[in-house]
Amino acid sequence: MLPQVVAVSLLLSLILYALMGGADFGGGMWDLLAVGPRAARQRELISKAIAPIWEANHVWLILAVVVLFTGFPAGFAAMMTALFIPVMLMVIGIVLRGSAFIFRNYDSRAGAGPHRWGTAFGMASFLTPFFQGVILGAMATGRIRVADSHVTTGYLAGWLTPFALACGAFALGLFAFLAATYLTLDAKEQPELQDDFRRRAIGSGLALGPVAGVVFLTARQGAPLLFQGLTNWWAPWLLGATSLCAVGAFGALWWRRFAVARVAAVGQVTLILAGWSLAQYPNLITPDVTVASAAAPDATLRLLVVALAAGAVILLPSLFFLFRLFKGGERR
Amino acid sequence: MSDFLFARSLMAMSLAFHIVFAALGIGMPLLMVLAEGAWLRTRQPVYLELSQRWANGTAILFAVGAVTGTVLSFELGLLWPGFMAQAGPIIGMPFSLEGFAFFTEAIFIGVYLYGRNRLSPLLHWLAGVVVAVSGIFSGIFVVTANAWMNAPAGFILLDGRFTAIDPIAAMLNPASLHEVLHMILASFVATGFAVAAVHAFFLRRNPTSLFHGRALGLALAMACISIPLQIASGDLSARAVGRLQPAKLAAMEAHYRTQAGAPLLLGGIPNDATRTTDYALRIPGGLSLLLNGRPDSTVIGLEEFPRSDWPNVRIVHGAFDLMVLSGFAMLTVAGWSGWIWWRRRRLADHPSLLRAVVIAGPLGFVAIEAGWVVTEVGRQPWIIYNVMRTADAVTPMPGIAVPFVAFTVLYVVLAFVVVTLLRRQFLETDASNTPSSPA
């Protein structure tokens with residue numbers, strides 16, 4: 001039971017990372033893709049929207065890693081060995097994105113400098129989520145084999161498959177969609193910008209459909225156990241709820257009910273990640289490393305749960321305060 | 001070079017780079033809060049300007065510290081999966097707590113940096129206090145994890161597996177107290193001297209600048225209060241290392257032979273083959289006196305340990321002497337500053353003191369880097385002291401030279417950009433500030 005509780009908290013950190021940190025990466029993608037007469041204003045809006053919160057949002061990933069290596073050390077060790085290359089690339093993306101963003105914001109001299117940082121910031125914003133998708137996808141392929149806590153399939157297994165690469169593309173699309181949807185609310189005092197991001201949200205949301213189709217199709221071959229998981233009794237319900245959220249998000253964007261669209265997009269991302277983890281369960285790294293087999297001793301797990309609960313008591317009000325302060329919008 | 005050496009070099013380089021930002025991330029928020037506190041109390045605009053400038057610096061340093069810290073949390077698993085698979089459940093506790101402390105710091109640094117116009121001055125200052133306090137806590141937690149690698153506790157080793165795991169006992173291991181004290185104080189010392197040096201540099205050009213004068217006062221006060229405490233905590237640390245890791249202490253002191261009335265060796269070139277240290281300055285009975293309080297007491301030498309369990313004596317001894325030398329040089333500058341302050345109540349118009357402060361500027365970071373070399377190289381060949389060898393923990397992944405080169409290039413570029421941006425912050429301040437009208 002304890003390993004499952006810790007696994008759920010790991011999933012929660014990942015979902016929150018996707019919803020918050022993921023959207024910041026999506027913002028970076030739109031920064032690189034900013035075009036048209038309002039490109040500079042779009043970039044400024046994105047920068048203002050994420051500047052106060054991106055560092056806090058990023059910590060969800062650190063929390064997830066810490067929970068992973070404390071709660072499931074064997075899984076962490078196997079994952080970091082088999083997926084050394086994509087994890088390294090993701091980490092390099094994290095360094096580039098964060099430093100380029102802060103350099104741009106604090107480069108007080110106008111001109112070429114800030115633009116160069118902007119390009120680095122935008123490109124790194126593609127790199128990291130892509131490899132995050134690839135890594136999660138690779139863990140489901142069943143190609144990474146672990147025997148006696150040693151990875152036996154080398155360093156290229158799993159992550160170079162069409163399924164894992166499709167997962168990377170899907171993560172990109174998902175974060176871009178999420179970011180564009182959030183940005184419609186950040187732009188509520190600038191109607192043209194709001195319209196720009198409404199179009200981007202609808203466009204990226206529509207593009208997400210075929211990518212999801214490719215993920216689904218490649219899963220049959222590329223991640224058979226995950227695919228099998230999606231035939232469980234709960235799968236149609238979950239799929240239905242996810243579709244409902246997607247349709248709701250589109251409708252809300254279409255009718256310019258942006259607050260509703262944000263709720264629907266959040267629901268969509270949450271359900272996708274929850275469904276993925278349900279289909280993956282009980283495996284961490286399919287098929288040899290499971291939640292139960294990789295779990296740390298009970299003494300550690302018990303303390304970890306207590307620490308997470310105690311941490312949440314400090315964390316959640318602080319986060320609420322942060323978001324109210326910068327996203328509440330009453331004061332300016 | 002082997003993949004193992006590249007893995008160690010990559011880890012060392014990542015740590016050496018991150019530690020600078022980690023230390024500044026502990027020291028800078030305190031300075032920023034002190035300056036803003038002085039503004040709240042005195043309402044002198046110069047303090048507000050100062051806290052804003054320091055906050056800008058903190059923002060850049062904190063962001064780079066955050067991302068380079070993330071690199072480390074992944075590298076632990078990427079480079080040392082054998083270590084993490086075993087040690088994860090034992091030292092995960094301080095890392096989780098550090099996670100929350102860091103989370104709090106990241107939230108409130110956002111509030112502090114961007115909420116100036118949305119909060120009352122007092123609330124804004126309190127947000128800064130939360131940043132400073134949670135930064136200290138992050139440092140405390142993460143150092144206890146390193147302390148555990150040096151003085152492992154909270155488990156029973158049974159057939160090569162860790163059983164009866166007690167994460168709390170692991171966190172409160174016998175090395176935690178002195179390592180934590182030494183690192184937190186080091187952050188204040190290094191930040192204090194580095195910041196003081198920057199402002200002393202500008203004061204030498206412009207001795208009447210109120211802005212740089214006040215800045216120098218605050219930064220130097222932090223440095224001068226911390227450095228004597230740091231020297232005392234260094235003494236505490238050395239005694240503890242002598243008790244917990246006698247091989248490391250022997251390497252630090254280049255002390256090969258067990259003997260009564262062991263001399264203290266300053267400098268010199270340790271020679272493992274002859275088990276002597278050439279060209280060293282000897283203080284008879286000094287080591288015995290420092291460690292045990294009696295000049296005739298016996299101190300265990302490296303010869304008591306199998307040759308395969310020795311760390312690299314030249315590196316450890318050299319780094320240790322460099323750290324101690326830097327520490328005493330800073331203590332001297334602090335003493336001189338204190339004397340001048342006591343006599344004249346002014347520091348800004350004393351050119352030779354200002355020059356000394358500028359020269360002492362990097363010494364805190366020199367000492368931090370050298371100190372971590374002592375801790376980490378001195379622990380070798382163990383990743384968990386006397387329990388697991390570093391070579392047994394390394395990833396089987398080949399070609400570690402590639403990420404090593406990639407990160408080296410990346411970090412050199414980052415360092416260059418950070419220095420350029422900080423320099424620009426200071427130059428702007430210098431241009432916008434005349435003694436009578438702080439912007």
Side-chain angles (χ1 to χ4, degrees), chain A residues 51-56 58-59 61-63 65-67 69-74 76-81 84 87-88 90-92 94-99 101-103 105-109 149-151 155 296-297 299-301 303-304 307-308 310-311 314-315 318-319 321-322 325-326 331, chain B residues 56 59-60 62-64 66-71 73-78 81-82 84-90 92-93 95-100 102-104 106-111 113-115 118-119 163-168 395-398 403 406-407 410 414 417-418 421 424-425 428:
Chain A
I53 53 171
W54 73 274
E55 281 171 307
H58 169 69
V59 188
L61 179 67
I62 298 181
L63 195 65
V65 170
V66 169
V67 172
F69 74 57
T70 310
F72 307 102
F76 178 68
M79 184 182 157
M80 292 295 133
T81 306
F84 186 99
V87 172
M88 243 339 159
M90 177 198 81
V91 170
I92 289 176
I94 287 173
V95 175
L96 283 176
R97 193 279 301 237
S99 16
F101 183 67
I102 199 81
F103 292 163
N105 276 9
Y106 281 86
D107 198 341
S108 37
R109 191 181 53 181
S149 65
H150 288 288
V151 176
Y155 313 99
T300 300
L301 295 181
L303 262 173
L304 181 60
L308 289 173
I314 303 174
L315 191 61
S318 308
L319 265 180
F321 175 63
L322 178 76
L325 192 62
F326 295 107
R331 277 177 286 176
Chain B
N56 285 350
I60 299 169
F62 182 84
V64 178
V67 292
T68 53
T70 309
V71 171
S73 62
F74 280 97
E75 276 180 355
L76 281 174
L78 289 168
M84 288 311 285
Q86 298 283 344
I90 312 178
M93 200 62 201
F95 277 113
S96 330
L97 296 176
E98 193 256 357
F100 282 111
F102 180 59
F103 222 138
T104 312
I107 290 170
F108 283 93
I109 203 158
V111 170
L113 292 174
Y114 295 92
R118 296 170 188 240
L119 293 167
T163 57
I165 287 173
D166 180 352
I168 300 284
T395 177
M397 177 81 193
F407 271 97
L410 186 60
L414 283 194
V417 177
V418 167
L421 290 187
R424 203 170 292 153
Q425 287 285 340
E428 257 174 37

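Below, chains carry the letters A, B, ... as their sequence lines are ordered, and counting in each starts from 1. Quick caveat: nothing in here was measured; it's all calculated off a predicted structure.
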Exercise. Could you have a look at A:Leu96, A:Leu61, A:Val67, A:Leu308 and say which one has the most heavy-atom pairs with chain B under 4.5 angstrom?
Key: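 Ranked by contacts with chain B, first place is A:Leu308.
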
Quiz item: Between A:Val65, A:Val87, A:Thr300, A:Ile62, which has the largest tally of heavy atom pairs under 4.5 Å with chain B?
Solution: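 The option with the most such pairs is A:Thr300.
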
Quiz item: Passes side chain to side chain contact (heavy atoms under 4.5 Å, CB included), B:Leu119 versus A:Leu325? Steps please.
Solution: CA-CA 9 Å; B:Leu119 293 167; A:Leu325 192 62; 4.0 Å; yes

With a 4.5 angstrom heavy-atom cut-off, which part of [X] approaches chain B: side chain, backbone, both or neither?
X        : result
A:Phe101 : neither
A:Phe76  : side chain
A:Leu63  : side chain
A:Leu319 : both
A:Met90  : side chain
A:Val66  : side chain
A:Tyr155 : side chain
A:His58  : side chain

Self-check item: Note, A:Val95 side chain near B:Leu414 side chain (heavy atom, < 4.5 Å)
Solution: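 Heavy-atom side-chain distance check passes, below 4.5 Å.
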
Quiz prompt | Heavy-atom side-chain proximity of A:Tyr106 to B:Arg424 below 4.5 angstrom | solution =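 Result no, sub-4.5 Å side-chain heavy-atom pair not found.
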
Got a second to check how far [X]'s [atom1] is from [Y]'s [atom2], nearest 0.5 Å?
X        : Y        : atom1 : atom2 : value
A:Leu304 : B:Leu97  : CG    : CG    : 9.5 Å
A:Trp54  : A:Ile102 : CH2   : CD1   : 5.5 Å
A:Leu303 : B:Ile168 : CG    : CD1   : 5.0 Å
A:Leu322 : B:Phe108 : CG    : CZ    : 8.0 Å

What residue in [options] has the most heavy-atom pairs under 4.5 Å with chain A?
options                               : result
B:Leu410, B:Val71, B:Leu113, B:Asn56  : B:Asn56
B:Tyr114, B:Phe100, B:Phe74, B:Phe103 : B:Phe103
B:Ala106, B:Pro396, B:Gly92, B:Pro89  : B:Pro89
B:Gly99, B:Ala66, B:Ala406, B:Ala59   : B:Ala59
B:Gln86, B:Glu75, B:Met84             : B:Met84

Relative to chain A, which segment of [X] carries a heavy atom at a distance below 4.5 Å: side chain, backbone, both, or neither?
X        : answer
B:Val111 : both
B:Ile60  : both
B:Ile165 : both
B:Thr395 : side chain
B:Ile109 : side chain

Quiz prompt | Minimum heavy-atom distance between A:Ser318 and B:Ile107, given as atom pair plus value | solution =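 It is O-CG2, 3.6 Å.
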
Quiz item: Do B:Phe62 and B:Phe102 have ring centres separated by under 6.0 Å?
Solution: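 Yes - the distance between ring centres of B:Phe62 and B:Phe102 falls below the 6.0 Å cut-off.
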
